[in-house]
Colleague: 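First, the structure itself, so that you have it in front of you.
Atom set for the values below is all heavy atoms of this structure, side chains included, hydrogens, waters and symmetry mates excluded.
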Number of protein chains: 2
Amino acid sequence: MSSTRARSLVSKFPWASTPFIIGAPMRVMSGPNLALAISKSGGLGFIGPGVKPADIHTDLAALRGLVKDASPSSLPASFVSSKSLLPVGIGFQLWDGDVDSASRAVKEYRPCAAWLFAPRDGQADLDTWTSRLREASPDTQIWIQIGTVQEALDILRGKTRPDVIVVQGAEAGGHGRAHDGLGTITLFPEIADALGGDSSGIGLVAAGGIADGRGVAAALALGADGVVLGTRFLASTEARISKGYQQEVVRATDGARSTTRTMLYNQLRGTTGWPEGYSPRGILNRSWYDHQAGVGFEELKRLYAEATKEGDAGWGPEGRLATYAGASIGLIHSVKDAGEIVSELRTEASDIIRRNYSRL
Amino acid sequence: MSSTRARSLVSKFPWASTPFIIGAPMRVMSGPNLALAISKSGGLGFIGPGVKPADIHTDLAALRGLVKDASPSSLPASFVSSKSLLPVGIGFQLWDGDVDSASRAVKEYRPCAAWLFAPRDGQADLDTWTSRLREASPDTQIWIQIGTVQEALDILRGKTRPDVIVVQGAEAGGHGRAHDGLGTITLFPEIADALGGDSSGIGLVAAGGIADGRGVAAALALGADGVVLGTRFLASTEARISKGYQQEVVRATDGARSTTRTMLYNQLRGTTGWPEGYSPRGILNRSWYDHQAGVGFEELKRLYAEATKEGDAGWGPEGRLATYAGASIGLIHSVKDAGEIVSELRTEASDIIRRNYSRL
């Protein structure tokens with residue numbers, strides 16, 4: 001049964017192959033180029049929310065242009081076979097989103113999937129968005145990201161059913177559950193059980209702490225129908241990210257000690273309004289160390305503003321700028337093309353699965 | 001290369017088979033009966049530290065008696081082939097241990113492995129214990145449990161080399177890293193890389209958050225040569241545990257919300273002396289809720305003392321007694337014989353590996 005479910009998820013994306021690799025919709029940093037590169041190499045890329053809701057129209061228009069203008073031979077033939085859906089997904093942070101604008105974008109551009117995250121009003125908001133987006137584009141899959149067993153149970157009691165649930169473990173970068181998160185290796189199977197195994201008919205993909213083929217193979221072993229990576233794609237040539245930020249993702253090691261969940265970066269850069277219960281993981285830098293040493297917030301904010309003028313030097317262990325990233329940074333050692341990353345992940349994971357099979 | 005390493009680890013234990021299942025040396029609760037049952041079913045059981053250092057002699061004597069008195073047909077033939085080492089390991093908490101007593105026990109009983117954890121003085125203590133135990137019983141493997149990349153680097157710079165490193169992720173129950181822990185799915189590969197892949201010649205096993213075949217298969221995918229389970233064996237018939245405690249492990253669900261790391265249980269039961277940097281994970285109960293609600297420590301302690309007189313009713317969501325357990329409690333639904341648990345883990349993990357292979 002599980003096999004049927006997994007096959008049916010990846011098979012909904014005609015260009016995709018197994019192991020099914022998915023690029024997370026990271027805010028701003030997952031732009032059209034990154035998302036398309038991931039899909040072109042047999043994965044599924046998501047465009048993240050922009051600075052403001054309207055940006056999604058710009059990004060989707062750019063993506064459509066990239067697909068239309070590309071020489072046919074540079075794109076998988078199967079891109080055209082998916083009921084003319086765009087071969088990328090799109091991510092929405094519900095608390096900061098606008099369902100009218102989102103519906104218009106989904107209706108106009110028809111991305112193959114819409115990923116919903118962080119509602120202000122829980123399942124009620126998820127139901128509203130799911131209904132509205134399905135009305136706008138019935139073939140666009142609805143993916144919902146959760147990080148707790150309770151959210152899984154809420155979905156089962158909700159008025160709508162997503163096509164896919166993204167289970168995000170506490171190792172993930174950027175925003176996730178603040179205090180009630182748990183590592184992927186335990187959280188994923190417990191949520192899978194809470195959903196009643198395969199009987200729910202909902203696809204299940206794993207996110208959080210995965211940056212190489214070992215993590216991909218582990219997530220598949222846990223029962224995931226696909227595996228989501230975010231931080232790994234921050235270190236891709238197509239990521240919409242400052243060089244200094246990207247280099248810090250490559251440089252930093254020891255994910256346990258060099259990252260933490262803190263609201264400090266949000267506060268310093270003036271990001272407010274996240275619903276209760278969420279916090280971001282980021283790489284520690286001078287802002288954090290000074291904060292720990294007792295430097296006052298106003299002074300930290302002044303120094304932060306100064307650092308924003310330093311360009312790429314604003315990042316790094318002695319930098320001060322917000323450096324959201326996952327605990328997997330210690331597994332990431334170089335910037336590569338996203339397509340190469342996807343290929344390597346699939347090859348590594350497949351090799352591991354073959355090796356462990358040969359040991360049985 | 002990795003294949004060679006894995007084969008060579010499990011092959012050091014002639015009765016053991018792959019996937020290699022290991023029972024953690026849980027303090028008091030992992031007694032001779034549990035350890036032997038795990039080894040008899042093709043895994044490797046460890047006896048945990050007792051209430052006082054001398055208890056290990058009693059437990060090892062009992063274990064030797066169990067092996068000697070058993071009818072030959074009830075034991076794996078290969079039990080006798082291992083240079084007359086006892087077919088179980090033994091665990092030491094170094095900060096609370098006595099290296100003289102430990103050396104005498106290891107010399108007298110020759111367990112196949114000694115698992116060292118929580119030194120007060122870091123690598124220096126680990127070096128001392130490793131040398132002393134190897135002197136006492138050269139064929140006894142030395143296993144060292146760590147939870148950070150730094151500890152792995154310390155081992156590489158140490159005077160002695162263990163045979164096996166146990167990488168314990170933050171999901172684990174009982175004591176582990178307090179503030180610098182990380183989930184197994186990210187921690188394990190990062191430590192494996194820090195150790196230089198296979199070149200170190202040290203076996204690597206994974207612990208933390210694993211309670212069923214999915215977790216076992218995931219750990220193998222991460223590259224583990226064996227997989228350690230603790231909490232799962234609390235719910236075994238052979239565990240040396242109160243019924244009320246055991247039933248709570250079975251009852252509790254939602255590992256993220258129903259467990260946490262806290263020193264509260266240690267303080268309430270008068271357990272002091274753990275080195276800096278360690279804390280235990282346990283299941284939340286009335287002691288914790290009252291503590292959160294502001295009830296004073298003296299009152300909590302009085303209520304705790306009363307609860308100790310209630311027998312099995314002292315545990316449970318309305319109980320007050322220390323209930324150390326891992327975040328995997330939501331994956332554990334019944335008490336079973338340890339041998340059945342080991343068999344099921346191996347079957348489930350093997351089925352998953354076969355299924356994922358067939359999907360490539």
Colleague: Looking at A/Gly326, A/Gly169, A/Gly255, which makes the most heavy-atom pairs under 4.5 Å with chain B?
Modeller: A/Gly255
Colleague: Considering only heavy atoms and a distance below 4.5 Å, find which of B/Gly181, B/Ala218, B/Ser17 pairs most often with chain A.
Modeller: B/Ala218
Colleague: Sort out for me which of A/Gly183, A/Ala217, A/Pro189, A/Ala219 touches chain B most, counting heavy-atom pairs under 4.5 Å.
Modeller: A/Pro189
Colleague: Would you check if the side chain of A/Asp225 reaches a backbone N or O of A/Leu9 as a donor-acceptor pair within less than 3.5 Å?
Modeller: no
Colleague: Measure across A/Leu345 and A/Ala211 and return the closest heavy-atom pair with its distance rounded to 0.1 Å.
Modeller: CD2-O, 4.0 Å
Colleague: Would you confirm whether B/Trp288, through its side chain, and B/Thr262, through its main-chain N or O, come within 3.5 Å as a donor-acceptor pair?
Modeller: no
Colleague: Using only atom types and a distance under 3.5 Å, with no angle test, would you say the side chain of A/Asp154 pairs donor to acceptor with the backbone of A/Gly122?
Modeller: no
Colleague: Please determine, among A/Ile185, A/Val149, A/Thr184, the option with the most heavy-atom pairs under 4.5 Å with chain B.
Modeller: A/Ile185
Colleague: At a heavy-atom separation under 4.5 Å, does A/Thr259 approach chain B through its side chain, its backbone, both, or neither?
Modeller: neither
Colleague: Between B/Gly209, B/Ala170, B/Ala221, B/Gly208, who has the most heavy-atom pairs with chain A when the cutoff is under 4.5 Å?
Modeller: B/Ala221
Colleague: Where the side chain of A/Tyr265 meets the backbone of A/Ile283, is there a donor-acceptor pair that is under 3.5 Å apart?
Modeller: yes
Colleague: Mind checking salt bridge (charged side-chain N to carboxylate O under 4.0 Å, His left out) for B/Glu248 and listing every partner two or more places apart, or none if nothing turns up?
Modeller: B/Arg251
Colleague: Only pairs under 3.5 Å count here: list side-chain donor-acceptor contacts from residues 327-336 of chain B, not counting sequence neighbours, and write none if there are none.
Modeller:
unit_1	atom_1	unit_2	atom_2	d
B/His333	NE2	B/Gly330	O	3.4
B/Lys336	NZ	B/Glu344	OE1	2.8
B/Lys336	NZ	B/Glu344	OE2	3.1

Colleague: Any side-chain donor-acceptor pair under 3.5 Å between A/Thr148 and A/Glu151?
Modeller: yes
Colleague: Side chain, backbone, both or neither: which part of A/Leu187 has an atom under 4.5 Å from a heavy atom of chain B?
Modeller: neither
Colleague: Heavy-atom distance under 4.5 Å to chain B: side chain of A/Glu171, backbone, both or neither?
Modeller: side chain
Colleague: Could you look at A/Arg346 and say if it's the side chain, the backbone, both or neither that has a heavy atom under 4.5 Å from chain B?
Modeller: neither
Colleague: Shorter than 4.5 Å, heavy atoms on both sides: which option in B/Asp254, B/Asp180, B/Ile352 has the most such pairs with chain A?
Modeller: B/Asp254
Colleague: Using heavy-atom distances under 4.5 Å, tell me whether A/Arg354 contacts chain B through its side chain, its backbone, both, or neither.
Modeller: both
